[in-house]
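Worksheet for the structure shown next.
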Amino acid sequence: MSGISSGFGTWNPIAWGLLILGIAVLALVLRSTGRRSYKKGTDQTKAFLSGNEEPSTPGDLHVRGGHLYWGMLDGLDAYYRRVRGLHTGVINDYVAWFVGALAFLGVLFVWVG
Amino acid sequence: MNSDYRMSVVVRTITRLTYGLIIVFGFYVIMHGHLTPGGGFQGGAVVSSAFALLLVAFGSAGLKGRVNRHWFQTLEEVGAIFFLALGLFGIGTAFFFNLFANNPGVPFGQSVPFGPNSGAVSTAGTLPWMNWAVGLKVLTGLTSVVIAMLIGGRKEERE
Amino acid sequence: MSLGNLPFIASAMLVILGIYTLLFKRNLVKLVVGGSLIETGVNLFLVTFGYRTAGVAPIYTYAPAAKRMVLPTPQALTLTSIVIGMATTALLLSFAIHVYRHHGTLDARKVKELKG
Amino acid sequence: MTALVPHVPALLIAVPLLGAFLAPIVGKLGRTTRNGFVALVLLVTAALAALLAVRFLGSNGSPILYVMGGPDGFAVPLPSGMATPIRIMFEIDAMNVFMVLITALVTLCAGLFSFRYLRDRSGGDLFYALFLLLTTAILGLEVTGDLFNFFVFLEITSIAACGLIGFQAWQKRAPEAAYKVMTMYTLAGIFVLLAIGLLYAEHGGLNMAYLASAIRGSVVDQVALTFLFVGLGMKAAAVPLHMWAPDAYGEAPAPVSAVLVVNSQASLYGLFRVMFTIYGGVANAVLLGWLIVALALVTIFVGVTVALLQNDLKRLIAYGALSQIGYMLLGVGVALVTIPTKPDFGFVALQGGIFHMINDAACIGLLFLTAGAAIRAAGTRDLNRMGGLAHTMRLTSVLFIVGALALAGIPPFNGFASKFLIYEGSFQLNPFLAVVAVLSSILLLAVFLKAFQAVFLGPRPEGASVGGEAPLGMLVPMVVLAAVVIGFGLFPGFFVERIVTPAARALWYGRDAYIHAVLGGF
């Protein structure tokens, strides 16, 4: 009842949910059989930096929203510079795009269509 | 554009003479909407042009006594609701059904002969009422637009 | 003396003129004028294609007897279009006033805070 | 009450219109009475929409015809013997019912949200007058069967939408955005009117069904198709003409942005109605299909990539909404191309495209509402100066996650159900389409990850307000939309079967039934 088929494959979220649940239960079972000697909160849980001290992190290390993905933005800079350039705020360019699309589609529909 | 801006004497006297006539003509156009090419919107526009004329000639002083903006806004709402109520009257058969036409008992009920005729006033059922509702709405609406533009334009005096 | 399709040419000219002002003019108020120019052009087109040669205004009151009448529907369309044109122009001008109050200029090239 | 059932289509428009005009007058009695009144009007409209859906889905899919102002006679026998339908008619088939349901859902939630969201702002009466007017116009857009009536409702949406965008006129950017959007809407409206004029000059009728039967595909019809395509495409924010959309969604108050997305979807429905029904018999399906597929790909790609650049939360979501319109276009474009050759796959893509409309309306509405709550709490829209809202706004952050995951098409939610159909359908036509669609969904997930991280995670920037949880009045509509998102996600089969398949069938195979319902009468 709740699945949808696309002539090629089907998608049934309830079955998928049960599967995920099953895997989660299995994972929990595996996790609970862990070694008894493991104790939370002791130095066992500290990151192992081959014995050296863990450097103290400065207060505000939070990466602000704008700097996320700078790598991708930097990488695709050629594309982004051009696309951002196209989005000028000027109303005349908006109208220019409109008239351009009108002309292009006019030729397409009247001649070809 | 300070508030005591006024046009020359010629314009003011002509305005004083003609603005009454313009208003009367505007109402005439609204009233006979179902016979002549006029109607609610055109008549309302004519009447609000009279108020605009007053505004131009006498500046905002011209409209001080005559037009109260909040009162106009409620009138506009009343006109709109009256129009919609007329549409809903005929809900028995269909929305906007012309209930009053073609039954002589009602004020605008006489039936209209097909083809050229001499045009009796009391015909066309709910149409005259609708014209008056639209006329009222456009009259008040356009005038408050003109006033808003005047006040909007002036920086220092925000209403 | 038939006008031929002069009115159609006139409406085409009006639309092209309106598009020209929208494309190249910088003053915001002139853009509004350009917009209403296009509306006038389209309204003229709507009314002219309803014309029937030697037609009379489509009103039955005191209508001359044996005369053809022009199509009434395009005139109703034009009326609604004029109403809508008035509303849009009033709204555009009031926003232009606000833009002027905030930005101090009506030049479309300077008013482009929203880009990118 | 049951006597009014046959008049549901007309009441669907009359009730919100009456509410729009009564709102300022009721407003004089005080704010809470007015809010109650507006909530009542929205509830009644939603109930009418549901009634329409129930009544329609029962009557085995033949379009309902509602003639304005006349019980029977719609074709007056003209002296020239030619009888054409002359009254304005509402024609409702499964596609119209589907669109009306979307509008009712989102406007109800946005309206309930706006009571608390705009409490401390002045000018409430006029806001609700415009809000209800916008709802009326969108519903009218989706219900009418007359092309000129469609244009009038299109213009009313333009005016009401721009009034609402520029509502906060004291802000520096709102009037500028409203001015630009209004100019573009006027331009689009005028060219649609030009197209209607051409069609009326060519065929003498304005009724969509009559035009569908009369169109022969002459040059004038093709020119009219161009104007209609560009005008409606622009209002639906297809890429080359999309630049007004981020300004509009970004500057409008949050509930209005959610309704604006539904407004562009209504124009998208108008575009489909023009292409499938009016030009159905004549249009060169392959050319039109490939054109729409190309348009869709560009819309999806540009929408998502530019969304990554944004530092303003609402513009980021606006670009996200833009790319979702691309998915709907992709579904329908693929359908147009493949249905003549491989009907079952093409139909799947069509179902995907249409199902994505309601999914997107719910997800984007949820995202805009949560963004509105977050911005109201943080006081700013800039991603760099927001942060750490999750500490206090627990439920809002969870709802934001639900909306973002659903929009990006992550399995358990409704976004995936419709995108799954679109992926499968477009894969049949050309694997490249499915690749671009999937990649863009992943990129969209990255975009919303950025938004979530910037707004909700990390420490509160120093000196910023504490940013308390959104009040209950704003949370309830958000939870309702989240319930719809999760409900459609977990039981897609149920909803696809009930409302999406009949809509897709009505749009593609129902053209003759649509024409016959009007012209079959004589």
Side-chain angles (χ1 to χ4, degrees), chain C residues 8 11-12 15 18-19 22-23 28-29 31-32 34-51 68 71-74 76-78 80-81 83-103 106 108 110-116, chain D residues 84 86 147-149 151-152 154-156 158-163 165-166 168-187 189-198 200-202 204-206 220 227 243-244 246-248 250-251 306 309-312 315 319:
Chain C
F8 290 107
S11 70
V15 171
I19 291 180
L22 274 178
L23 277 175
L28 290 182
V29 179
L31 295 183
V32 174
S36 54
L37 256 178
I38 300 182
E39 301 222 4
T40 327
V42 170
N43 292 345
L44 180 61
F45 169 73
L46 280 179
V47 172
T48 38
F49 78 66
Y51 178 70
R68 276 167 29 129
L71 286 181
T73 325
L77 305 189
T78 316
T80 323
S81 166
V83 168
I84 290 170
M86 185 276 294
T88 36
T89 315
L91 196 63
L92 274 169
L93 286 179
S94 57
F95 283 133
I97 292 174
H98 279 292
V99 164
Y100 181 76
R101 177 165 303 137
H102 283 302
H103 291 274
L106 276 178
K110 292 195 179 56
V111 173
K112 52 179 188 152
E113 186 116 5
L114 302 155
K115 56 181 173 29
Chain D
T84 60
I86 54 163
L147 203 54
F148 184 70
N149 201 4
F151 163 73
V152 172
L154 198 72
E155 282 295 328
I156 299 177
S158 319
I159 295 171
C162 289
I165 291 170
Q168 296 155 341
W170 58 87
Q171 275 183 358
K172 198 161 166 26
R173 293 153 48 140
E176 176 195 339
Y179 182 90
K180 284 186 205 162
V181 172
M182 191 66 218
T183 321
M184 294 310 290
Y185 275 175
T186 321
L187 203 61
I190 270 305
F191 277 102
V192 167
L193 181 64
L194 202 54
I196 292 172
L198 284 171
Y200 182 77
E202 182 78 12
L206 280 176
V220 172
F227 290 150
M243 303 191 184
W244 60 271
D247 303 348
E251 300 314 319
V306 181
L309 290 170
Q310 300 306 325
N311 281 333
D312 174 328
R315 278 179 76 87
Y319 275 105

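These numbers come from the heavy atoms of this one structure, side chains and all, not from hydrogens, waters or symmetry mates. So you know, we letter chains A, B, ... as the sequences are listed, proteins then strands, and number each from 1. No experiment lies behind these values; they were computed from the predicted model shown.
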| message | Quick check: do C:L22 and C:L37 have side-chain heavy atoms less than 4.5 Å from each other? | response | no

| At a heavy-atom separation under 4.5 Å, does C:L91 approach chain D through its side chain, its backbone, both, or neither? | side chain

| request: Flag the pair D:D247 / D:M184 as yes when at least one side-chain heavy-atom distance between them is below 4.5 Å, and no otherwise. | output: no

| Can you say whether D:E251 sits under 4.5 Å from chain C via the side chain, the backbone, both, or neither, judging by heavy atoms? | side chain

| task | Against chain C, label D:L198 side chain, backbone, both or neither, depending on which of its atoms sit under 4.5 Å from a heavy atom there. | result | both

| query | Measuring heavy-atom distances to chain C, does D:L187 have an atom under 4.5 Å in its side chain, in its backbone, in both, or in neither? | reply | side chain

| message | Counting heavy-atom pairs closer than 4.5 Å to chain C, which one of D:F151, D:Y179, D:Y200 comes out on top? | response | D:Y179

| Does the side chain of C:E39 come within less than 4.5 Å of D:T186's, by heavy atoms? | yes

| note | The interface call for C:L71 against chain D, heavy-atom contacts under 4.5 Å, is side chain

| query | D:W244 vs D:Y185 aromatic rings, parallel, tilted or perpendicular, using cut-offs 30° and 60°? | reply | perpendicular

| field | Heavy-atom donor-acceptor pair, C:H102 side chain to D:R173 backbone, under 3.5 Å | value | no

| field | Side chain proximity check, D:K172 to C:H103, heavy atoms < 4.5 angstrom | value | yes

| note | Checked C:L28, C:V15, C:I38 vs chain D; the most non-hydrogen pairs under 4.5 Å come from C:L28

| remark: Okay, D:F148 and chain C: the region with an atom under 4.5 Å from a heavy atom over there is side chain

| Point-to-point distance, once rounded to the nearest 0.5 Å, from CG of D:L154 to CG of D:N149 | 11.0 Å

| said: Does any backbone or side-chain atom of C:V32 lie under 4.5 Å from a heavy atom of chain D? Answer side chain, backbone, both or neither. | reply: both

| said: With a 4.5 angstrom heavy-atom cut-off, is it the side chain or the backbone of C:L77 that approaches chain D, or both, or neither? | reply: both

